[in-house]
Structures are given as structure tokens and as C-alpha cells.
Asks: 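Before I ask anything, let me first share the structure, which is written out below as C-alpha cells.
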Amino acid sequence: MPRVHITFPPPDGVRRRLAEEQWDLTWSDTPDGQPRSDMLADVAGCDAVITLLTDRVDEEFLDAAGPQLRVVANDAVGTDNLDLPALRRRGVAASNTPEVLDAATAEIALGLVLATSRRIAEADRFVRTGTPWQWRTDLFVGRDLAGATLGIVGLGRIGLAVAHRAAAFGMRVIATPTRSGAAEAARRGIDLLPLEELLGAADVVSLHCPLTEETRHLIGARELALIGPEGILVNTARGPVVDEQALVTALTDGTLGAAGLDVYEDEPRVPAPLRELPNVVALPHIGSAGRTTRERMAQLAVDNVRAVLGGGDPVTPV
Ligand code: GLV
């Protein structure tokens, strides 16, 4: 029987189906990620491992697993935790979980767009702290989304799901050019602009590109200044796409209007200013945290393992 390890507790629905697999299966009961040393011990001798985005799959991991390892199925759409060249060198297949989390991530992105532009989190804190108030014309006046321009950086599946929802709010949508998205953009009336032009034209900028060497610190001081003092940045992609130090400075000195963040450069560390500034809405990386979505992600990871152990290619290879 092939040996399979899952580095987290699978959702209940997936557990029921896992019971039907002819695998020598183990999983970790730590939903917050398995301690590295435990994980390295548990993957020893495995044919397949299902990993979280917090698990670093590098040479050390691959050495610990051993040469029989055939597939690493990442339970995430992002693959920046995987050393893909090392996996390729060793002939180990890799997969991710695209599509199944598009809507859930777009919902959180739109939630951050709404919360920052209409100052929802700030107003909620105001009420909770018992501040005396009465209706007045200048209470938490924010930016109307209807008629505002949303700039999407990375018009892939999630970017398109965000565009679709933003259009329902009456936003004009623009995006940076993509190889695959041009026809879809034209069909949906999304104008494609180079990054700098987009940053200058958008009221709200939402990031949906993967983290790669090309996109690391794609948004730095200059780019934040282009978004401007009335502008809003939303990041549900990966923290290091934004230079976090530059972001803190821009939010503190007013170069940037506000930020809605689900991801950070050095998770789970959130720099104190991002926790304290009133013009920041900060979430703990919950973009894909819908019950159905999480079940679909884990099931897709299992399907990828089954496909490779059955002698085929992953269903959603990377
Ligand atoms: C979440 O961040 C993912 O990559 O799935």
C-alpha cells in the first residue's frame, strides 16, 4: 500500500472519502501547521504528501521523505512554499488547488474593498468601544464604490472573479495585461493598462498575482505613491508582493489612503503599525476559508495524489 501523509487534519467530508482509499494513511491533528521536525519525521518513506502553504517543501523536506516520493499535493493555489526546481530535479510531481477557491478569495478581496472604502471596520470599532454618537452628516464618510475604478494586478481566475463582483457594485474595472486574460478582458470590457498607468488610474488596487521572483516587492514606495493619498490597496495574494516597510511608511505619512490586507511579508507576524493604524483592515490570511471551499481544496489535493499514485499526471499540476 502506498504511504500517504497529510500535514493537517482533513475536513470531515474528505475524511469519509479517504477511508475508501487503499493507502497507508496518516495525518497530523494540528490545524495550525505541523511542527517542522514532526513533519520531517512523518514524511519519511512517503509516496505522497499533502502539504499546507505554511509547509516549506525544500531539499531538506525531500531528503527527509526519501527517493520513493512521487507527488507533493499542495492544499493551496499558491506554490511559493514549494521549491519547484528541486521537485523537478528529483522527478517528484507537484500540484495545487486552482479554481475551487476563486469565489471564496474574491469574496474576501471584495470584503476588504468594502471594509476599507466604506470604513466598516473602523466604524465597527467605534461602536464597540461605546463612543457616544448620533447620526450626523460627517460620520465615517468614505469612498463610494459605485463609479470608482478598481485596478486588478494579475487578471487570472481570482482576478476575474473579483472583476465580476466589482462590476456588480458599479465599479469600472481595469487590469494589468496578462498572457491568458486578454480575450476575457475584452469580452468583459476590462481595459488593460501597464502597471504604472493602472496604479495612477485606479481608486482601489487589488493584487491577484502569484508570488514569484518577478513579483516580489512589485509594489514599493513609488508604486504606493502612484496609488495616492485617496487610494486604497487590497492584498489577498501574498505578503511579499508588497514591500511592507514601504507600505507602513505610506500609510503612516498619508502617501497612501488605506489598505485591506489578508497577507503579510512574514506571516503570522503583523507589524504593530498595521495593527494600530485606523486606515488598515487586517485579516489573518483567510481568503480561502469557506467551509465548502476548504473541503473542495482538500478533495482536489487528494484527487491529485490518487491520479499520480494511479500512474497518471496530477489533475492540476504545477
Ligand atoms: C491561499 O493563500 C492559497 O494559496 O491557497
Side-chain angles (χ1 to χ4, degrees), residues 6-11 13-14 28 30-34 49-58 61 71-84 87 94-113 152-162 165 178 206-216 218-219 233-242 244 259-270 274 281-305 314-318:
I6 306 177
T7 67
F8 57 95
V14 176
S28 163
T30 49
D32 54 341
Q34 200 173 9
V49 184
I50 298 181
T51 49
L52 290 176
L53 60 86
T54 46
D55 298 326
R56 233 177 340 100
V57 177
D58 52 10
F61 177 105
V71 58
V72 172
N74 211 31
D75 186 37
V77 69
T79 56
D80 47 284
N81 60 312
L82 308 181
D83 183 343
L84 291 173
L87 283 154
S95 64
N96 66 345
T97 60
E99 280 188 56
V100 291
L101 47 56
D102 295 351
T105 309
E107 285 165 8
I108 285 292
L110 255 294
L112 286 170
V113 172
I152 293 183
V153 177
L155 194 65
R157 290 192 192 91
I158 297 172
L160 281 166
V162 172
R165 286 156 178 78
T178 54
S206 193
L207 305 179
H208 300 290
C209 50
L211 172 63
T212 62
E213 279 322 302
E214 289 74 52
T215 63
R216 187 175 294 276
L218 181 70
I219 306 295
L233 175 72
V234 167
N235 188 6
T236 56
R238 283 291 185 267
V241 174
V242 178
E244 203 165 70
L261 306 170
D262 189 38
V263 289
Y264 308 88
E265 273 216 76
D266 183 24
E267 293 179 14
R269 193 186 67 86
V270 180
L274 295 182
V281 178
L283 303 179
H285 202 152
I286 56 169
S288 68
R291 255 189 299 281
T292 306
T293 297
R294 282 285 161 82
E295 194 159 315
R296 288 190 179 144
M297 290 166 69
Q299 187 56 49
L300 182 50
V302 169
D303 293 346
N304 274 299
V305 168
V315 188
T316 48
V318 289

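Whatever order the structure lists ligands and atoms in, that order sets their numbers, starting from 1.
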Asks: Just checking, is any N or O donor in the side chain of T316 or N304 under 3.5 Å from an acceptor N or O on the other one?
Replies: yes
Asks: So, does D80 use its side chain to make a donor-acceptor pair with the main chain of L211 at under 3.5 Å?
Replies: no
Asks: For Q34 and S28, indicate whether the former's side chain and the latter's backbone hold a donor-acceptor pair under 3.5 Å.
Replies: no
Asks: Among all protein heavy atoms in this structure, tell me which lies nearest to atom 5 (O) of ligand 1, with the distance rounded to 0.1 Å.
Replies: V77 N, 2.8 Å
Asks: Between D55 and T7, do the side chains contain an N or O donor and an N or O acceptor separated by less than 3.5 Å?
Replies: yes
Asks: If I apply the N/O under 3.5 Å rule, does S288 come out as touching ligand 1?
Replies: no
Asks: I need the nearest protein heavy-atom contact for atom 4 (O) of ligand 1: residue, atom name and distance, please.
Replies: R238 NH2, 2.7 Å
Asks: Please check if the side chain of N235 supplies one atom and the backbone of L261 the other of a donor-acceptor pair under 3.5 Å.
Replies: no
Asks: Please list, in number order, the atoms of ligand 1 under 4.0 Å from a heavy atom of H285.
Replies: 1 (C), 2 (O)
Asks: Under 4.0 Å from a heavy atom of G78: which atoms of ligand 1 are those, numbered in the order shown and with their elements?
Replies: 3 (C), 4 (O)
Asks: Show me which atoms of ligand 1 lie under 4.0 Å from any heavy atom of L101.
Replies: 5 (O)
Asks: List the steps and the verdict of side-chain contact (heavy atoms from CB on, under 4.5 Å) for R157 and L160.
Replies: CA-CA 5 Å; R157 290 192 192 91; L160 281 166; 5.9 Å; no
Asks: Applying a 4.0 Å heavy-atom criterion (strictly less than), which segment of T97 is in contact with ligand 1: side chain, backbone, both, or neither?
Replies: neither
